[in-house]
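Here the structure comes first, spelled out in structure tokens, and everything after it is commentary.
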Amino acid sequence: MAVERTLTILKPDCVRKNLIGEVIRRIQEAGFKIIAMKMTRLTKDTAGGFYAVHRERPFYGELTDFMSSGACVPMILEKENAVEDFRKLIGATNPAEAAEGTIRKDFADSLGENIIHGADSVENGKIEAAYFFAESEVVANKA
Ligand code: CMP
């Protein structure tokens, strides 16, 4: 299986609930290597750019308000089959539909406030990673 990279964001609800450590522990225990990480705060505009594919959706305003409501923690993760395995680890977008033991099932309150983002493909992960990180901030590139 190919080694892949994926992009995740610990969302503002994850930070507010003091769950950064617990969620990172689960991610590392599942075998993902963190190759870039920072804490930042999106503005309504930068959140809007990140979620531009959803611009026409009715929840776009709510989504960008929430994503700019506090600090978040984007990370680039590396592992074999990372994209699919990470989406399994976090569970369905709607926590009410997420499988037992997944991060969203255990910690998320709602579809809008669902603790964590995971890229849906290697290509989108690359685009999303470039949104947060310069090449020089990706440690694996410096080894
Ligand atoms: P995420 O995986 O980060 O990608 C887009 C986000 O939009 C998604 O998680 C949800 O948090 C959010 N989202 C999707 N559908 C809805 C909805 N119907 N109402 C509010 N937020 C939504």
Side-chain angles (χ1 to χ4, degrees), residues 1-135 137-141:
M1 236 179 267
V3 172
E4 294 176 351
R5 289 181 183 180
T6 191
L7 184 282
T8 183
I9 309 171
L10 309 186
K11 297 185 177 185
D13 54 337
C14 183
V15 175
R16 274 195 286 273
K17 289 176 167 181
N18 271 338
L19 286 170
I20 295 173
E22 170 61 17
V23 172
I24 289 179
R25 189 190 65 73
R26 290 187 183 205
I27 291 169
Q28 291 186 309
E29 199 168 88
F32 292 87
K33 188 173 163 195
I34 299 168
I35 61 167
M37 175 166 73
K38 66 174 65 167
M39 181 178 263
T40 186
R41 182 166 181 170
L42 296 171
T43 64
K44 177 106 172 141
D45 271 1
T46 51
F50 183 82
Y51 282 114
V53 297
H54 297 305
R55 188 164 282 143
E56 305 304 325
R57 310 286 281 273
F59 58 83
Y60 183 69
E62 187 188 317
L63 174 61
T64 53
D65 278 343
F66 167 61
M67 288 302 292
S68 58
S69 68
C72 67
V73 180
M75 294 184 273
I76 303 174
L77 306 174
E78 195 170 75
K79 184 186 169 301
E80 280 188 356
N81 204 38
V83 169
E84 190 186 335
D85 286 0
F86 193 71
R87 288 172 74 84
K88 272 191 199 140
L89 179 71
I90 67 179
T93 307
N94 186 346
E97 292 162 13
E100 289 298 326
T102 60
I103 290 171
R104 284 171 170 158
K105 177 71 178 183
D106 289 347
F107 301 123
D109 289 335
S110 65
L111 175 57
E113 304 205 1
N114 63 355
I115 293 283
I116 189 162
H117 168 80
D120 64 5
S121 67
V122 170
E123 300 81 60
N124 284 340
K126 221 178 250 182
I127 294 165
E128 293 176 3
Y131 209 81
F132 287 105
F133 298 101
E135 279 295 319
E137 294 175 298
V138 183
V139 292
N141 291 347

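All ligand and atom numbering here is 1-based and tracks the order in the structure.
Here the heavy atom of the protein found nearest to atom 4 (O) of ligand 1 is Tyr51 CE2, 3.5 Å. Of the protein's heavy atoms, Thr93 CG2, 3.7 Å lies nearest to atom 8 (C) of ligand 1. In this structure, atom 19 (N) of ligand 1 lies nearest to the protein heavy atom Phe59 CB, 3.4 Å. Protein heavy atom at the shortest distance from atom 6 (C) of ligand 1 is Leu63 CD1, 3.8 Å.
Arg26 and Glu29 are not joined by a salt bridge, as no carboxylate oxygen comes within less than 4.0 angstrom of a charged side-chain nitrogen.
A heavy-atom distance below 4.5 Å is not found between the side chains of Arg5 and Val122. Side-chain contact between His117 and Met67: absent, with no pair of heavy atoms (C-beta onward) separated by less than 4.5 Å. Phe133 places a side-chain heavy atom less than 4.5 Å from the side chain of Leu7.
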Only distances under 3.5 Å count here; give the side-chain donor-acceptor pairs of residues 51-61 to other protein atoms, sequence neighbours excluded, each with its distance to 0.1 Å.
residue : atom : partner : partner atom : Å
His54   : ND1  : Arg57   : NH1          : 3.4
Tyr60   : OH   : Gly48   : O            : 2.9

Sequence neighbours left out, cut at 3.5 Å: what donor-acceptor pairs do the side chains of residues 9-17 make with other protein atoms?
residue : atom : partner : partner atom : Å
Lys11   : NZ   : Asn114  : OD1          : 2.6
Asp13   : OD1  : Ile115  : N            : 3.4
Asp13   : OD2  : Ile115  : N            : 2.9
Arg16   : NH1  : Ser69   : O            : 3.4
Arg16   : NH1  : Ser69   : OG           : 3.3
Arg16   : NH2  : Ser69   : OG           : 3.1
Lys17   : NZ   : Phe107  : O            : 2.8
Lys17   : NZ   : Asp109  : OD1          : 3.2
Lys17   : NZ   : Asp109  : OD2          : 3.1

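Ranked by closest heavy atom to atom 2 (O) of ligand 1, the top entry among Arg104, Arg87, Glu128, Arg57 is Arg104.
Atoms of ligand 1 found under 4.0 Å from any heavy atom of Lys11 (numbered from 1 in listed order, with element): 1 (P), 3 (O), 9 (O), 11 (O). Proximity to Glu62 (heavy-atom distance under 4.0 Å) selects the following atoms of ligand 1: 20 (C).
In Leu111, the parts holding a heavy atom less than 4.0 Å from any atom of ligand 1 are both the side chain and the backbone. Looking at His54 against ligand 1, only its side chain comes within 4.0 Å, counting heavy atoms.
In terms of N/O distances under 3.5 Å, ligand 1 is not approached by Glu113. The shortest N or O to N or O distance between Asn114 and ligand 1 is below 3.5 Å.
Using 4.0 Å as the threshold, Phe66 has no heavy atom nearer than that to any atom of ligand 1.
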